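These notes are about the structure you will find just below.
Values below: all heavy atoms of this structure, side chains included; hydrogens, waters and symmetry mates excluded. A quick note: this is a predicted structure, and the numbers were derived from the prediction, not measured.
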Protein chains: 2
Amino acid sequence: MTQFRSGCPIASALDIIGDKWSLVIVRAMVMGATSYSDLLSTPEKISTNILAERLRRLEDAGLIRQSLPRQGSIRGAYALTARGAALIPVVQELARWGESQLPDRWTPPDRFYAARPGDFDVRDGDAAAD
Amino acid sequence: MTQFRSGCPIASALDIIGDKWSLVIVRAMVMGATSYSDLLSTPEKISTNILAERLRRLEDAGLIRQSLPRQGSIRGAYALTARGAALIPVVQELARWGESQLPDRWTPPDRFYAARPGDFDVRDGDAAAD
DNA sequence: ACTTCTTACTTGCATTTTGCAAGTTAAAAA
DNA sequence: TTTTTAACTTGCAAAATGCAAGTAAGAAGT
């Protein structure tokens, strides 16, 4: 994404995550998903091309990152960055809205509402490069 | 909208408001917009066809309603319903995220963060039909 | 009364995004 | 070494978005 529609923080946020899938991916990662196949196996059945494109966009926007691949693995795991984890209160409010205002929705597990941005972005990287 | 991708309240919420414009419209209405032209004159420059279609969708989803037109007016004003006003905490969290995580965004006025769902949907209608 | 303006849209068409299905590449498992 | 699994890419149809122009009805000016 190159530019924002306006200086409004809401409109700008929607320029990044204003679509049907981005926050579903964030939700899945809050719930522990770390791999492409974890994300594919959510009940919403995202298609592979959309998932790949969305992961690229979210990485470009600095909301997620891929850790460097471990020995004998081609790709690293996906993780929320601090900026991505800062969306947790947003998805929690969205969940509360859906639960309270839409008929017959699932009740998210307690650990979803218990999640805090600080629980993520454990900042690995340079240390322990053995 | 006919059906949800899953029972997840987040995914279901996004089935309704998961696009670039719906929450911009809600924000404008929280800030006092009530007419089509109010909504057109936001800094994001929504196009007329999208605005008309989105208003229809939001009305179908029960998030906004048009009050019955007053004497000599063809259309009534738009207002948030209780269900639409329940989105206020969501847009406030989104604003906090945009402000804190994106560079150089505007600071919303205090009354935006002070808005509460209960301030809207004052339930006019039948009374005072003088 | 009659042109002009404003409000609230609709229509047409090009571009972009989404969605489904199938193909690809590399590592892991049998 | 054939088969699976993981992580994508590619092709193409369908839907959403965006821009520009057109329309209809009430309001305002003269």
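- In terms of modelled atom types and a separation under 3.5 Å, the side chain of Q92(B) and the main chain of Y113(B) share a donor-acceptor contact.
- In this structure, the side chain of T34(A) does not engage the main chain of Y78(A) through any donor-acceptor pair within 3.5 Å.
- A donor-acceptor contact shorter than 3.5 Å links the side chain of T81(A) to the backbone of G62(A).
- A close approach under 4.0 Å does not occur between any side-chain nitrogen or oxygen of Y78(A) and OP1 or OP2 of dA6(D).
- Residue R56(A) is in sugar-phosphate contact alone, with no base atom involved, counting any heavy-atom pair closer than 4.0 Å across all strands shown.
- You won't find any donor-acceptor pair under 3.5 Å spanning the side chain of S47(A) and the base of dT18(C), going by distance alone.
- Note on R54(A): a side-chain N or O is less than 4.0 Å away from OP1 or OP2 of dT18(C).
- A search for salt bridge (Lys or Arg N to Asp or Glu O under 4.0 Å) contacts involving R96(A) returns E93(A), not counting sequence neighbours.
- Residues of residues 19-40 of chain B that place a heavy atom closer than 4.0 Å to DNA chain D, in numerical order, are D19(B), W21(B).
- No N or O donor and acceptor, one from the side chain of N49(B) and one from the base of dC9(C), sit under 3.5 Å apart.
- Nucleotide dC9(C) holds its C1' atom 11 Å from the CD atom of Q66(B), rounded to whole Å.
- Relative to the side chain of T48(B), the nucleotides dT10(C), dC8(D), dG19(C) differ in distance, and dT10(C) lies closest.
- Partners of D119(B) under the side-chain hydrogen bond (donor to acceptor under 3.5 Å, both in side chains) rule, at least two apart in sequence or in another chain, do not exist in this structure.
- Between D15(B) and R5(B) there is a salt bridge, since a side-chain N of the basic residue sits under 4.0 Å from a carboxylate O of the acidic one.
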